[in-house]
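All residue numbers in this chain count up from 1 along the given sequence. Since we're looking at a predicted model, the values are computed, not measured. All ligand and atom numbering here is 1-based and tracks the order in the structure.
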Amino acid sequence: MNQIKDNIEEIEARIQAAVERSGRKREDVLLLAVSKTIEVERIKEAVNCQLTSLGENKVQEIMDKYDAMGGEVQWHLIGHLQTNKVKYIIDKVTLIHSVDSLKLAQEIDKRAAQKGVTANILIEVNVADEQSKFGVRPEDTQKLVEEISHLKNVCVKGLMTVAPYVENPEENRQYFRRMYQLLVDINAKNMNNINMTTLSMGMTGDFEVAIEEGATIVRVGTGIFGERYYPNE
Ligand SMILES: *Cc1c(COP(=O)(O)O)cnc(C)c1O
């Protein structure tokens, strides 16, 4: 009867099994409900099932849904962010997953300072070096983290990746493993103000493998809300 509730229960069971397989704890993994294209009424069904962390890939959608969803939810921006739009969401989001340039980080720093807040961010890594994807290359990540570490109103919490679309999730294990190693290696440099603990990786098709390799946030859309419908495409 209640499809969203059933879907969440199924995803929860699979998360639980994956954390047990890898000797981790359930509370170490956040299930981020990716609500892009989903209308407020249906998002509220997920919130009623205790899923209060919501991921959107467009600034406009966060602004459209922000008031209607109220203060009990935490918004995460998971899609590409243009510098000219930072000002609209700087005081609305808990975590920006998609920072991939110093220029963007500087704009976030400036807007955060104006609002008197610290902006929590992740660095988006294009781990498989795909032409079509945003994100820094793995080999350029440490340098970007170092540059951003000097910004006073930005805190780098960790790394994020959108892994390739694959039929068999095992094919992405190598990339998730590389992300984990990258995080460990950068932390080992002991940079000032850098202690990264967040790894945002894994989606509907591959979140279990991502958890086994150390994900602390999995971003699940289709698995919760069903197939997305894009009215304008
Ligand atoms: C849409 C999206 C997701 C969720 O994808 P599903 O396959 O529907 O789970 C996760 N991360 C990002 C960055 C997205 O844009």
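- Sorted by first and then second residue, the side-chain hydrogen bond (donor to acceptor under 3.5 Å, both in side chains) pairs involving residues 197-209 (not counting sequence neighbours) are Arg14-Glu208, His97-Ser200, Asn172-Asp206, Ser200-Arg219.
- One N or O on the side chain of Arg42 and one on the backbone of Phe225 form a donor-acceptor pair closer than 3.5 Å.
- Atom NZ of Lys85 is surrounded by 12 or fewer heavy atoms from other residues, nucleotides or ligands within 6.0 Å.
- Looking at residues two or more places apart in sequence or on another chain, you find a side chain to side chain contact (heavy atoms under 4.5 Å, CB included) between Tyr165 and Glu167.
- Evaluated for a side-chain contact (heavy atoms from CB on, under 4.5 Å) with Leu159, the options Leu122, Val136, Ile123 yield exactly one hit, Ile123.
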Are there any protein N or O atoms under 3.5 Å from the N or O atoms of ligand 1? List them with distances, or say none.
{"residue": "ligand 1", "atom": "8 (O)", "partner": "Thr222", "partner atom": "N", "Å": "2.8"}
{"residue": "ligand 1", "atom": "8 (O)", "partner": "Thr222", "partner atom": "OG1", "Å": "2.5"}
{"residue": "ligand 1", "atom": "8 (O)", "partner": "Arg228", "partner atom": "NH1", "Å": "2.8"}
{"residue": "ligand 1", "atom": "8 (O)", "partner": "Arg228", "partner atom": "NH2", "Å": "3.1"}
{"residue": "ligand 1", "atom": "9 (O)", "partner": "Thr204", "partner atom": "N", "Å": "3.1"}
{"residue": "ligand 1", "atom": "9 (O)", "partner": "Thr204", "partner atom": "OG1", "Å": "2.4"}
{"residue": "ligand 1", "atom": "9 (O)", "partner": "Gly221", "partner atom": "N", "Å": "2.8"}
{"residue": "ligand 1", "atom": "11 (N)", "partner": "Arg219", "partner atom": "NE", "Å": "2.8"}
{"residue": "ligand 1", "atom": "15 (O)", "partner": "Lys36", "partner atom": "NZ", "Å": "2.6"}

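- Applying the side chain to side chain donor-acceptor pair (under 3.5 Å) rule to Glu213 yields the partners Arg173, Arg177; only residues at least two apart in sequence or on another chain are considered.
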